[in-house]
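I have placed the structure first, in the form of structure tokens, so that the comments after it can refer back to it.
This chain uses plain numbering: 1 for the first residue, then up along the sequence. Counting starts at 1 for both ligands and their atoms, in listed order.
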Amino acid sequence: MKSVSIFGATGSVGLSTLDLIRREPDAYKVVALTANSDVDGLAAQAKATGAQIAVIGQARLYGALKEALAGSGVEAAAGEEALVSAAQTGADWTMASIVGCAGLRPTIAALKAGGTVALANKESLVSAGALMMEAASASGATLLPVDSEHNAIFQCLAGSRLEDVARITLTASGGPFRTKSRDEMAAMTPAQAVAHPNWSMGAKISVDSATMMNKGLELIEAAYLFPVGLDRIEILVHPQSVIHSMVEYRDRSTLAQLGSPDMRIPIAHALAWPQRIATPCQPLDLTRIGRLDFEAPDLERFPALRLARDAAQAGGATPAILNAANEVAVAAFLSGRIGFLDIAMIVEDVLNRYSAASPATIDDVLAADGQARTQAGQVMERLTA
Ligand code: NAD
Ligand code: MG
């Protein structure tokens, strides 16, 4: 039996992971489940799976969680330090699916513990990629990408040498505003931005897909996971989300990974790796889909793509600053404080105003992240004054 922990168990990726685990009760036993504030959801999951421990991120909710778990035999814990120590407990397999840089410390702790870490939490890798890759190689942890594109690339690489790779193509759906003009985008509401045409996901990544910052973050993620050089990683808009990414080798052979747009497919790959398990996902029906379309990304309408590539090129703390400013701006957009086009504008403004030395430690990353959040708050105040 494989022991598994899920960080961010109540979210979209967390629920998909639990769905797979529940279908194979003899294969997996649950160690830790975590959530930020959904006490009832977390307690129900922990009881249903017989988890050893449930951790709620918000320390003030400890009492509520303890009460909800009374008599169940599941241990209750709360607060950021409890998240980190649950990650240190070292399950065989840990799903890192907290959203945002909030997942950084638990994800690093899981990597240091040395098991297998299935990484959905791309913001942690964007912010602290070099340190995370170092932590994984120091402990011997296995880092498996869950983001569908990176999971596809991992599958297409299948152990090949990176020096044989000519090009990695990250596919992008283009999001809900793929065909919208800048003027049309200016008027888009949070409800319109989170209505993704192909994928059902959490609110933050859905907005990132609409601005295409998601693909920008994924470019940075890919550069850390598959260090072939930034100039060898390109983005291709593919509205049907059937080809999840491609690897072209120097002999000009190109491998692609295809599948229905269902996150349970890449999650199942990471869960069972190096074996395979069955999933309840739809088989790919290319006759029904009929055609696959491709187009070049439009950097004018989607400036986030340019900002992210520049940040990747700059390296050091710049991706962490980009990510933090984006998190603040997306939250402000979702709460109705700013308009859709303001998101990339705020990120650009913060990147122009603030830089930090290359981080040597996670604390350095978190300091740059915190400073960038403060700067983003100030830019926003001027904007909405
Ligand atoms: P979500 O919003 O649905 O869920 C986020 C989870 O993180 C929840 O369990 C929440 O309780 C927890 N969380 C949020 N803030 C927290 C905090 N401060 N401390 C502790 N826990 C906190 O998000 P999601 O769509 O499941 O995405 C999770 C991660 O996976 C993101 O990094 C996202 O980019 C990535 N991802 C998601 C998808 C997808 O299909 N949803 C696909 C690829 C990658
Ligand atoms: Mg993705």
Quiz: residues 227-235 side-chain donor-acceptor pairs under 3.5 angstrom, not counting sequence neighbours:
| unit_1 | atom_1 | unit_2 | atom_2 | d |
| --- | --- | --- | --- | --- |
| Arg232 | NH1 | Val165 | O | 2.8 |
| Glu234 | OE1 | Arg167 | NH1 | 3.4 |
| Glu234 | OE2 | Arg167 | NH1 | 3.0 |

Quiz prompt | side-chain contact (heavy atoms from CB on, under 4.5 Å) partners of Ser206, counting only residues at least two apart | solution =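 If we apply the side-chain contact (heavy atoms from CB on, under 4.5 Å) test to Ser206, skipping adjacent residues, the hits are Val194, Met201.
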Quiz item: Is there side-chain contact between Val350 and Arg353, with at least one heavy-atom pair below 4.5 Å?
Solution: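 Result no, sub-4.5 Å side-chain heavy-atom pair not found.
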Quiz prompt | Contact check, side chains of Gln88 and Lys112, non-hydrogen atoms, under 4.5 Å | solution =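 The answer is no, as the side chains (C-beta and beyond) never meet within the 4.5 Å cut-off.
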Practice problem: Apply side chain to side chain contact (heavy atoms under 4.5 Å, CB included) to Ser5 and Met95, showing your working. | Solution: CA-CA 6 Å; Ser5 290; Met95 167 55 81; over 6 Å; no
Self-check item: Salt-bridge contact Arg178-Glu295 (side-chain N to carboxylate O under 4.0 Å)
Solution: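 Counted as a salt bridge, because a side-chain N and a carboxylate O are separated by less than 4.0 Å.
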To make sure I understand the geometry: which N, O or S atom in [X] is closest to the Mg ion (ligand 2)?
X: Glu149; answer: OE1
X: Glu218; answer: OE2
X: Asp147; answer: OD1

Quiz item: Partners of Thr89 by side-chain hydrogen bond (donor to acceptor under 3.5 Å, both in side chains), sequence neighbours excluded?
Solution: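 Checked Thr89 against side-chain hydrogen bond (donor to acceptor under 3.5 Å, both in side chains); zero matches.
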Self-check item: Near ligand 1, at a heavy-atom separation below 4.0 Å: residues by chain and residue number
Solution: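 Residue list for ligand 1: Gly8, Ala9, Thr10, Gly11, Ser12, Val13, Ala35, Asn36, Leu83, Ser97, Ile98, Val99, Ala102, Ala120, Asn121, Lys122, Glu123, Asp147, Met201, Gly202, Ile205, Met263.
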